[in-house]
Amino acid sequence: MSSKMSSRSRRRKHAISQLNIMVVGFRSLGKTSFIRMLFDTLSIRRNSKEEPVLPASLFQSAESVRDAEEARTKELYSFTLDIDEEGEKISLTLVDTPGFVRDNELRLDVQVTEALRYIEAQFDHTLAEETKVKRNPKAVDSQIHACLYFIDNANNGLTEKDIRILKRLTVRVNVIPIIAKADLLTNTQLANLKEAIKKDLKTHEIPVFAFPVDEEGDDEMEPELAEEIANAQSQVPFSIIAPEDAAITDPNTGDRIRGRQYAWGIIDCLNPKHCDFVVLRNVLLSSQRKLFKDITTEVFYEQYRTERLMARKASKMITKEQKKKLMEDLSEI
């Protein structure tokens, strides 16, 4: 067993896994700040042939109202990084999107449609590659494997708009609900909001990403992994706090930390006791990465592929019927 595991590990060491993550949600909820924080914690491989072109938003301050407006994401963009994560090589693509508007229903629907069209466009790339006589062995998997949906902490659960958006997104992609700016909530308020969101998801039958269940007698899941997954599942929806730009020093250790400083104390954004960023990061990049990809390919892509092929067949059949009717009409003249 150990020799098999070691050879499998060697194969994984040399293979590069693709992972594509999108962030969506209403304006001013810290989506770009989350990407910036995630970027800061990555171990980027500098031996790549081409240096990645990084968006300016990664280096822009957003502390003041003016800075936040200038740094606001105005159009969808993506960038790709080659990283190392626990000994594995990952080609990570992060997709940032403009914040949804709250005061214009028509514009909101258009924005959600644009996000969905981007997701579907990646399926189209795969479908086009599959239909080629000679496929490209180096074709890149651009499908969106996980979509983080940021939820406003000012609400007592999901709003009608949240519900409508989530129902549309969950048809095409693995959705993970995120509570934004959790530092504005007390521990009790955060716990109550998490329970309210869970209840709303269940009531409205919104199928967000479901962690695998360790069924009794299942020998395939190691106890340590099962415990890790159970811990992650218990924290959904994940609470996120973005660090401020100013240098913050931990008064106990003297180390610089990524966090936020208040009159009453310091929040360490990488401390699991303060927010769920570390747990979420592990879920995305490590523990559930393969499952995200498998579900995307086997469920979402296959469903989309079937819909497209059926639509094409229906279109051809309609065309034949129209042609037949036209010929019949012409014969009567």
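Side chains included, hydrogens not; waters and symmetry mates left out as well; all remaining heavy atoms used.
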Colleague: Between Q18 (side chain only) and I90 (backbone N and O only), is there a donor and an acceptor less than 3.5 Å apart?
Modeller: no
Colleague: Does E227, at its CD atom, have more than 12 non-hydrogen atoms belonging to other residues, nucleotides or ligands within less than 6.0 Å?
Modeller: no
Colleague: Give, for atom SG of C147 and atom CD1 of I119, the distance between the pair rounded to the nearest 0.5 Å.
Modeller: 5.5 Å
Colleague: Can K167 and E205 be counted as an ion pair, charged N to O under 4.0 angstrom?
Modeller: no
Colleague: When you compare the side chain of F238 with that of V283, does any pair of heavy atoms fall below 4.5 Å?
Modeller: yes
Colleague: Does a donor on one side chain sit under 3.5 Å from an acceptor on the other, for D84 and S43?
Modeller: no
Colleague: Taking all heavy atoms of G157 and all of D162, pick out the closest pair and write down the distance.
Modeller: O-OD2, 4.4 Å
Colleague: Please find the pair of heavy atoms, one from K293 and one from S17, that lie closest to each other, and give the distance.
Modeller: CE-OG, 3.8 Å
Colleague: Examine distances only and state if a side-chain atom of R260 and a backbone atom of A242 form a donor-acceptor pair shorter than 3.5 Å.
Modeller: yes
Colleague: Over 60° means perpendicular and under 30° means parallel, so tell me whether F150 and F34 are parallel, tilted or perpendicular.
Modeller: perpendicular
Colleague: Check side-chain contact (heavy atoms from CB on, under 4.5 Å) between Q189 and all other residues, then give those that pass, not counting sequence neighbours.
Modeller: L185, T186
Colleague: Can I144 be reached from V299 by stepping across I, L, V, M, F, W or Y side chains whose heavy atoms are under 4.5 Å apart?
Modeller: yes
Colleague: Report whether I295 and V171 are members of the same hydrophobic cluster (ILVMFWY, side-chain heavy atoms less than 4.5 Å apart, transitive linking).
Modeller: no
Colleague: Quick check against the 3.5 Å criterion: does K199 have a side-chain atom that pairs as donor or acceptor with the backbone of K194?
Modeller: no
Colleague: Using every non-hydrogen atom in the two residues, find where C269 and C275 come nearest and quote the distance to one decimal.
Modeller: O-SG, 3.3 Å
Colleague: Using atom types as modelled and distance alone, determine if a side-chain donor or acceptor of N192 lies under 3.5 Å from a backbone N or O of T188.
Modeller: yes
Colleague: Would you check if L81 and L42 make a side-chain contact, meaning some heavy-atom pair closer than 4.5 Å?
Modeller: yes
Colleague: Any idea which heavy atoms bring G259 and I248 closest together, and the distance?
Modeller: O-CD1, 3.1 Å
Colleague: Could you tell me whether E307 and R172 have a side-chain N and a carboxylate O separated by less than 4.0 Å?
Modeller: yes
Colleague: Please check this pair: side chain of K198 against backbone of P237, looking for a donor-acceptor N/O pair closer than 3.5 Å.
Modeller: no
Colleague: Give the C-alpha distance, both sets of side-chain angles, the deciding distance and a yes or no for side chain to side chain contact (heavy atoms under 4.5 Å, CB included) between L291 and Q288.
Modeller: CA-CA 5 Å; L291 185 57; Q288 303 305 306; 3.4 Å; yes
Colleague: Looking only at non-hydrogen atoms, find the nearest pair between S91 and D82 and report the distance.
Modeller: OG-OD1, 3.6 Å
Colleague: Within the 3.5 Å criterion, strictly below it, is a donor on T80 or T93 matched to an acceptor on the partner's side chain?
Modeller: yes
Colleague: Is F277 reachable from I267 through a run of I, L, V, M, F, W or Y residues, each pair having side-chain heavy atoms under 4.5 Å apart?
Modeller: no
Colleague: Would you say T297 and E302 make side-chain contact, with heavy atoms under 4.5 Å?
Modeller: no
Colleague: Report the distance from atom CG of D40 to atom CE of M37, rounding to the nearest 0.5 Å.
Modeller: 9.0 Å
Colleague: Salt bridge check, E105 against K161: does any charged N sit closer than 4.0 Å to a carboxylate O?
Modeller: yes
Colleague: So K31 and Y149, do their side chains get closer than 4.5 Å, heavy atoms only?
Modeller: no
Colleague: Between CD1 of I151 and CG of L29, what distance do you get to the nearest 0.5 Å?
Modeller: 9.5 Å
Colleague: Is a salt bridge present between R281 and E85, judged by a nitrogen-to-oxygen distance below 4.0 Å?
Modeller: yes
Colleague: Is any side-chain heavy atom of V173 closer than 4.5 Å to one of M22?
Modeller: no
Colleague: So that I can tick it off, tell me whether D152 and R102 are bridged by a salt bridge, with the cut-off set at under 4.0 angstrom between side-chain N and carboxylate O.
Modeller: yes
Colleague: What I want to find out is whether D268 reaches K273 closely enough, with some N-O distance under 4.0 Å, to be called a salt bridge.
Modeller: no
Colleague: So, the side chain of N153 versus the backbone of I179: is there a donor-acceptor pair under 3.5 Å, distance only?
Modeller: no
Colleague: Test side chain to side chain contact (heavy atoms under 4.5 Å, CB included) on L148 and I21 and set out the steps.
Modeller: CA-CA 8 Å; L148 308 186; I21 301 171; 4.2 Å; yes
Colleague: Any salt bridge between D96 and K74, counting N to O under 4.0 Å?
Modeller: no
Colleague: Would you say I206 and V208 make side-chain contact, with heavy atoms under 4.5 Å?
Modeller: yes
Colleague: Could you please spell out the steps behind the side chain to side chain contact (heavy atoms under 4.5 Å, CB included) verdict for Y304 and D124?
Modeller: CA-CA 9 Å; Y304 179 79; D124 286 331; 2.8 Å; yes
Colleague: From L92 CG over to I44 CD1, what is the distance, rounded to the nearest 0.5 angstrom?
Modeller: 9.5 Å
Colleague: Please round to the nearest 0.5 Å and tell me the distance separating atom CD1 of I257 and atom NE2 of H274.
Modeller: 8.5 Å
Colleague: Looking at N156, I'd like to know if its CG atom is crowded, meaning that more than 12 non-hydrogen atoms belonging to other residues, nucleotides or ligands lie closer than 6.0 Å.
Modeller: no
Colleague: Could you pull out the closest heavy-atom pair between N155 and T159, with the gap in Å?
Modeller: ND2-CG2, 3.3 Å
Colleague: Checking R289 side chain against L285 main chain: does a donor-acceptor pair fall under 3.5 Å?
Modeller: yes
Colleague: Just checking F209 against F292, ring centres under 6.0 Å apart?
Modeller: yes
Colleague: Holding to side-chain contact (heavy atoms from CB on, under 4.5 Å), I want the full list of residues that pass it with R117, two or more places apart in sequence or in another chain.
Modeller: T113
Colleague: Mind checking whether N174 and T296 have side chains closer than 4.5 Å, heavy atoms only?
Modeller: yes
Colleague: Going hydrophobic residue to hydrophobic residue with side-chain gaps under 4.5 angstrom, can you get from I176 over to V278?
Modeller: yes
Colleague: Hey, does the side chain of T131 reach the backbone of A128 with a donor-acceptor pair shorter than 3.5 angstrom?
Modeller: yes
Colleague: Inspect the contact between R164 and D109 and indicate whether a charged nitrogen and a carboxylate oxygen are less than 4.0 angstrom apart.
Modeller: yes
Colleague: Within the 4.5 Å heavy-atom criterion, are L158 and L201 side-chain neighbours or not?
Modeller: yes
Colleague: Roughly how far apart are L190 CG and E195 CD, rounded to 0.5 Å?
Modeller: 10.5 Å
Colleague: Give the C-alpha distance, both sets of side-chain angles, the deciding distance and a yes or no for side chain to side chain contact (heavy atoms under 4.5 Å, CB included) between N231 and F211.
Modeller: CA-CA 10 Å; N231 176 56; F211 287 81; over 6 Å; no
Colleague: Are D294 and K290 close enough for a salt bridge, meaning some N to O gap below 4.0 Å?
Modeller: yes
Colleague: Counting distance only, does the side-chain N/O of D183 pair as donor-acceptor with the main-chain N or O of I241 below 3.5 Å?
Modeller: no
Colleague: Counting only heavy atoms from other residues, nucleotides and ligands, does the tally under 6.0 Å from CG of N187 exceed 12?
Modeller: no
Colleague: Verify the cluster assignment for Y118 and Y77: are they in a single hydrophobic cluster under the rule of side-chain heavy atoms below 4.5 Å apart?
Modeller: yes
Colleague: For Q235 and V279, indicate whether the former's side chain and the latter's backbone hold a donor-acceptor pair under 3.5 Å.
Modeller: no
Colleague: Do any pairs count as a side chain to side chain donor-acceptor pair (under 3.5 Å) and have a residue in residues 138-148, sequence neighbours left out, and if so which ones?
Modeller: Q122-S142, T126-Q143, D141-H145
